[in-house]
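Below is one structure; the comments refer to it alone.
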Amino acid sequence: MTKIFFTLIICLICLESFAQDSIAVKREFANKEYIHLYKENADLAYTAPGGELGAPSKYVINGRLTTTYMLLGSYKSPIAFAIIPDFTVRVRTEFSAAVRTPSYRLGGALYARLNPDPEHYKYAELAFTHHSNGQDQSAFNPDGTINTRTGNFNANYLTLSYRFGDLTSVNLDQSYYSFNHRLGLQWYKFFRYEPALNEGFGFTRVLYGFSWRRYDEIEKNAWNKQKVKSEKETWRLNAELSYAVNKIPSKNFANIQKRLNAEINFNYSFPFMNNVFLMAAVGYYGEDNYNIYFQDHYGYLRFGLSSGFLRNRSRHYDN
């Protein structure tokens with residue numbers, strides 16, 4: 001009887017140890033997979049000849065360059081941290097092809113995994129960003145208007161986001177989809193900012209983003225090499241909305257023309273492309289987010305190339 005009792009105890013201890021090991025393996029796998037999700041959900045960089053078509057100013061080309069430096073991204077931790085540079089320039093159709101006031105954004109983002117299932121993921125994100133335009137002249141012209149030529153712009157803000165999404169099961173043709181959401185809130189007034197922004201800036205914004213993505217598995221025949229299967233993100237449809245909810249002089253809460261920023265963009269990658277899309281976007285700026293141009297509002301079109309941390313993996317048939 002005593003021998004049976006001790007055997008049962010040993011079995012229970014082994015089962016508990018096995019269960020704990022299984023949970024630890026699952027957590028480590030989730031931590032590793034979430035790092036990819038953080039980067040895939042980052043904004044895309046783009047190059048757009050002609051820039052925003054419909055803007056008050058005419059441009060030769062506009063470009064946004066952004067990436068994610070994942071400083072903390074260990075399989076041992078559900079917490080991750082990244083440095084995110086984000087630079088946008090608009091080259092004007094002038095003799096000197098002037099840029100004048102580029103947008104420099106530099107900040108960091110802290111991520112916290114909220115569940116262990118990467119295929120039905122949930123995570124929180126807190127980002128701090130400094131935004132400036134490299135100018136140091138007065139933000140006001142002598143007549144009291146905003147100096148968009150050499151006027152100083154600087155602002156700092158926090159963005160709190162809740163991100164969640166789902167990956168569908170793989171279809172017979174080896175394709176699958178993901179549906180990705182973002183709910184967020186952005187605050188500026190916690191930090192120092194250019195006083196001219198009090199003339200009508202969206203200091204507090206409610207954010208929503210949606211992204212629908214398709215992934216395909218395509219075959220590649222390399223000369224004198226084994227066949228490999230290449231999984232890639234074929235297309236991505238993004239929709240982004242933000243609405244200013246703070247008090248704005250002479251603009252009530254329902255003044256959509258000033259408070260709303262919205263964009264829908266479609267990005268498509270041909271099979272021969274690697275980590276790049278053809279991009280087409282349509283949008284509306286109630287408040288142009290290009291630094292000192294915050295008083296401009298207009299609808300626009302944008303065409304060009306976009307890129308980011310896209311799924312583009314190759315593997316042999318026996319993997």
Checking L207 against L183 for the side-chain contact (heavy atoms from CB on, under 4.5 Å) test, could you report, in this order, the C-alpha distance in whole Å, the side-chain angles of both residues, the deciding distance, and whether it holds? CA-CA 6 Å; L207 313 174; L183 299 172; over 6 Å; no
For side-chain contact (heavy atoms from CB on, under 4.5 Å), just list the numbers for Y59 and V91, CA-CA rounded to whole Å, side-chain angles, deciding distance to a tenth of an Å, and then say yes or no. CA-CA 5 Å; Y59 300 102; V91 181; 6.0 Å; no
Would you say the ring centers of F164 and H120 fall short of 6.0 Å from each other? no
What closest approach, in Å, do I84 and A109 show between heavy atoms, and which atom pair accounts for it? CD1-CB, 3.9 Å
Worked check of side-chain contact (heavy atoms from CB on, under 4.5 Å) between I35 and M70: CA-CA 8 Å; I35 299 302; M70 193 63 64; 4.1 Å; yes
Decide, yes or no, whether a salt bridge links R113 with E33 under the criterion of side-chain N to carboxylate O below 4.0 Å. no
Sub-4.5 Å side-chain heavy-atom contact between L278 and F303: no
Which label fits F179 and Y177: parallel for a plane angle under 30°, tilted from 30 to 60°, or perpendicular past 60°? parallel
Evaluation steps, side-chain contact (heavy atoms from CB on, under 4.5 Å), between I83 and L71: CA-CA 7 Å; I83 297 295; L71 295 185; 3.5 Å; yes
Mind checking whether S175 and R214 have side chains closer than 4.5 Å, heavy atoms only? yes
D117 side-chain N/O to Y121 backbone N/O, donor-acceptor pair under 3.5 Å: no
Looking only at non-hydrogen atoms, find the nearest pair between R64 and A45 and report the distance. O-CB, 3.2 Å
Mark yes or no for whether T93, through its side chain, and K58, through its backbone, hold a donor-acceptor pair below 3.5 Å. yes
Once the angle between the rings of F266 and Y268 is folded into 0 to 90°, is it parallel (under 30°), tilted (30 to 60°) or perpendicular (over 60°)? parallel
Any chance the side chains of E263 and N265 put a donor and an acceptor closer than 3.5 Å? yes
Can you confirm whether the side chains of K232 and S269 place a donor and an acceptor under 3.5 Å from each other? yes
Residue pair I61 / T47, side-chain heavy-atom distance below 4.5 Å: yes
When every non-hydrogen atom of T88 is compared with those of R105, the smallest separation belongs to OG1-NH1, 4.1 Å
Begin with the C-alpha distance, continue with both residues' side-chain angles, and end with the deciding distance and a verdict on side chain to side chain donor-acceptor pair (under 3.5 Å) for H181 and Y208. CA-CA 7 Å; H181 305 265; Y208 174 70; 2.9 Å; yes
What is the ring orientation for Y188 with F201, classed by angle as parallel under 30°, tilted 30 to 60°, or perpendicular over 60°? perpendicular
Applying ring-ring contact (aromatic ring centres under 6.0 Å, His included), run through F253 and Y243 and close with a yes or a no. CA-CA 10 Å; F253 185 77; Y243 200 83; 5.8 Å; yes
Do the ring planes of F191 and F128 sit parallel (below 30°), tilted (30 to 60°) or perpendicular (above 60°)? perpendicular
Donor-acceptor side-chain pairing of Y290 and N62 below 3.5 angstrom: no
What closest approach, in Å, do G202 and A244 show between heavy atoms, and which atom pair accounts for it? CA-CB, 3.8 Å
More than 12 foreign heavy atoms under 6.0 Å from CG of L160: is that the case here? yes
Given 3.5 Å as the limit, does a donor-acceptor pair link the side chain of E194 with the main chain of A196, or not? yes
d(L241 CG, L260 CG) to nearest 0.5 Å is 6.5 Å
Are any non-hydrogen side-chain atoms of F153 and S103 less than 4.5 angstrom apart? no
State whether the side chain of N252 and the backbone N or O of A254 hold a donor-acceptor pair below 3.5 Å, judged by distance alone. yes
Side chains of S242 and R205: donor-acceptor distance under 3.5 Å anywhere? yes
Do K258 and E287 sit within salt-bridge range, that is, some charged N less than 4.0 Å from a carboxylate O? yes
Which residues satisfy the salt bridge (Lys or Arg N to Asp or Glu O under 4.0 Å) test with R90, sequence neighbours excluded? E52, D288
Can you tell which of D216, N267, L310 makes a side chain to side chain contact (heavy atoms under 4.5 Å, CB included) with E233? L310
With side chain to side chain donor-acceptor pair (under 3.5 Å) as the criterion, how do T101 and Q135 come out once you've worked through the C-alpha distance, each side chain's angles and the decisive distance to 0.1 Å? CA-CA 7 Å; T101 60; Q135 303 295 322; over 6 Å; no
Listed once per pair and sorted, the salt bridge (Lys or Arg N to Asp or Glu O under 4.0 Å) pairs that draw on residues 125-141, sequence neighbours left out: E125-R163
CG of L185: more than 12 outside heavy atoms within 6.0 angstrom? yes
Y34 side-chain N/O to P116 backbone N/O, donor-acceptor pair under 3.5 Å: no
Would Y215 and S178 count as a side chain to side chain donor-acceptor pair (under 3.5 Å) here? Give the steps. CA-CA 8 Å; Y215 311 91; S178 69; 2.9 Å; yes
R236 side chain near N238 side chain, heavy-atom distance below 4.5 Å: yes
Could you walk me through whether T150 and R100 pass side chain to side chain donor-acceptor pair (under 3.5 Å), step by step? CA-CA 7 Å; T150 58; R100 288 191 189 167; over 6 Å; no
To the nearest 0.5 Å, tell me how far S306 OG sits from F277 CZ. 6.0 Å
Donor-acceptor pair between Y157 and H130 side chains, under 3.5 angstrom: no
H297 and Y284 aromatic ring geometry - parallel, tilted or perpendicular at 30°/60° bounds: tilted
Using a distance-only test with no angle check, is there a side-chain donor-acceptor pair under 3.5 angstrom linking S161 and R182? yes
Interatomic distance, Y176 atom OH to E119 atom CD [nearest 0.5 angstrom]: 8.5 Å
Looking only at heavy atoms, what is the nearest atom pair of N291 and P102, with distance? ND2-O, 3.4 Å
When rounded to the nearest 0.5 angstrom, what is the spacing between OG1 in T148 and CG in D296? 7.5 Å
Under 3.5 Å, is there a donor-acceptor pair between the side chain of N41 and the main chain of Y38? no
I need the L114 CG to K122 NZ distance, nearest 0.5 Å. 8.5 Å
Test ring-ring contact (aromatic ring centres under 6.0 Å, His included) applied to F203 and F294, W187, Y193, the passing residue: Y193
For G54 and Y298, work out which heavy atoms get closest and say how close. O-CD1, 3.8 Å
Which class fits the ring pair Y123 and Y111: parallel under 30°, tilted 30 to 60°, perpendicular over 60°? perpendicular
Pairwise side-chain contact, L53 with R302, heavy-atom cut-off 4.5 Å (strictly under): no
Measuring from atom CG of L305 to atom CE of M279, what distance do you get when rounded to the nearest 0.5 angstrom? 7.5 Å
